[in-house]
Amino acid sequence: MVSAQQRDVLESLVAQAGMLTGHGAAPRLLRAAAALVEQAGYEIFRTAETARVTQLILLAAELERLGTAFEKGGDASARRPDRPISGRG
């Protein structure tokens with residue numbers, strides 16, 4: 001369960017993220033998403049659902065990779081909207 005204070009912090013974070021624009025916005029947002037997903041993995045780990053933790057850690061790593069690719073501008077596949085994040089499918 002999320003407390004009212006935690007909900008306020010998350011809502012503020014989402015509002016601030018919505019205000020980011022420009023060339024550097026995508027890498028910053030992807031890195032923030034990676035950090036949040038990683039934290040969710042640690043929280044899930046405390047409930048012993050290890051299979052889910054692995055999925056979240058892999059997702060966080062992929063978000064970090066995409067953030068780096070956007071920042072460098074060298075990975076054209078990272079900018080294709082039709083490419084799934086997981087690289088599958």
Side-chain angles (χ1 to χ4, degrees):
M1 207 68 199
V2 177
S3 72
Q5 182 183 11
Q6 291 169 327
R7 188 173 32 255
D8 290 345
V9 169
L10 291 172
E11 287 175 3
S12 174
L13 176 63
V14 169
Q16 289 177 26
M19 291 186 283
L20 287 177
T21 60
H23 179 71
R28 291 178 69 192
L29 289 167
L30 287 165
R31 285 199 175 94
L36 291 170
V37 168
E38 186 175 352
Q39 184 61 38
Y42 291 129
E43 291 301 317
I44 290 173
F45 180 73
R46 292 203 271 187
T47 65
E49 295 181 35
T50 57
R52 293 286 183 203
V53 173
T54 301
Q55 290 174 325
L56 289 175
I57 297 303
L58 291 172
L59 176 58
E62 178 69 1
L63 290 169
E64 280 284 339
R65 185 197 70 75
L66 286 170
T68 300
F70 273 105
E71 196 168 59
K72 291 180 180 178
D75 184 1
S77 65
R79 293 187 297 272
R80 284 186 25 218
D82 60 331
R83 182 173 183 255
I85 289 177
S86 68
R88 296 181 290 165

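All residue numbers in this chain count up from 1 along the given sequence.
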State, to 0.1 Å, how close Glu71 and His23 come at their nearest heavy-atom pair, and which atoms those are. O-NE2, 4.5 Å
Could you pull out the closest heavy-atom pair between Gly67 and Pro27, with the gap in Å?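 Between these two residues, the closest heavy atoms are O-CB, 3.5 Å.
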Connected via hydrophobic side-chain network under 4.5 Å: Phe70 and Leu36: no
Please list, chain by chain and in numerical order, all residues satisfying side-chain hydrogen bond (donor to acceptor under 3.5 Å, both in side chains) with Gln16, sequence neighbours excluded. Ser12
Could you measure the distance from the [atom1] atom of [X] to the [atom2] atom of [Y]? Nearest 0.5 Å is fine.
X: Asp8; Y: Gln5; atom1: CG; atom2: CD; answer: 7.5 Å
X: Thr68; Y: Leu63; atom1: OG1; atom2: CG; answer: 11.0 Å
X: Leu29; Y: Thr21; atom1: CG; atom2: OG1; answer: 10.0 Å

Side-chain polar contacts of residues 37-45 - donor-acceptor pairs under 3.5 angstrom, sequence neighbours left out - could you list them?
unit_1 : atom_1 : unit_2 : atom_2 : d
Glu38  : OE2    : Tyr42  : OH     : 2.9
Gln39  : NE2    : Glu43  : OE2    : 3.3
Glu43  : OE1    : Arg46  : NE     : 3.4
Glu43  : OE1    : Arg46  : NH2    : 2.6
Glu43  : OE2    : Arg46  : NH2    : 2.7

Does a sphere of radius 6.0 Å around CZ in Arg28 hold more than 12 heavy atoms from other residues, nucleotides or ligands, not counting ones at 6.0 Å or beyond?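 Result for CZ/Arg28: open.
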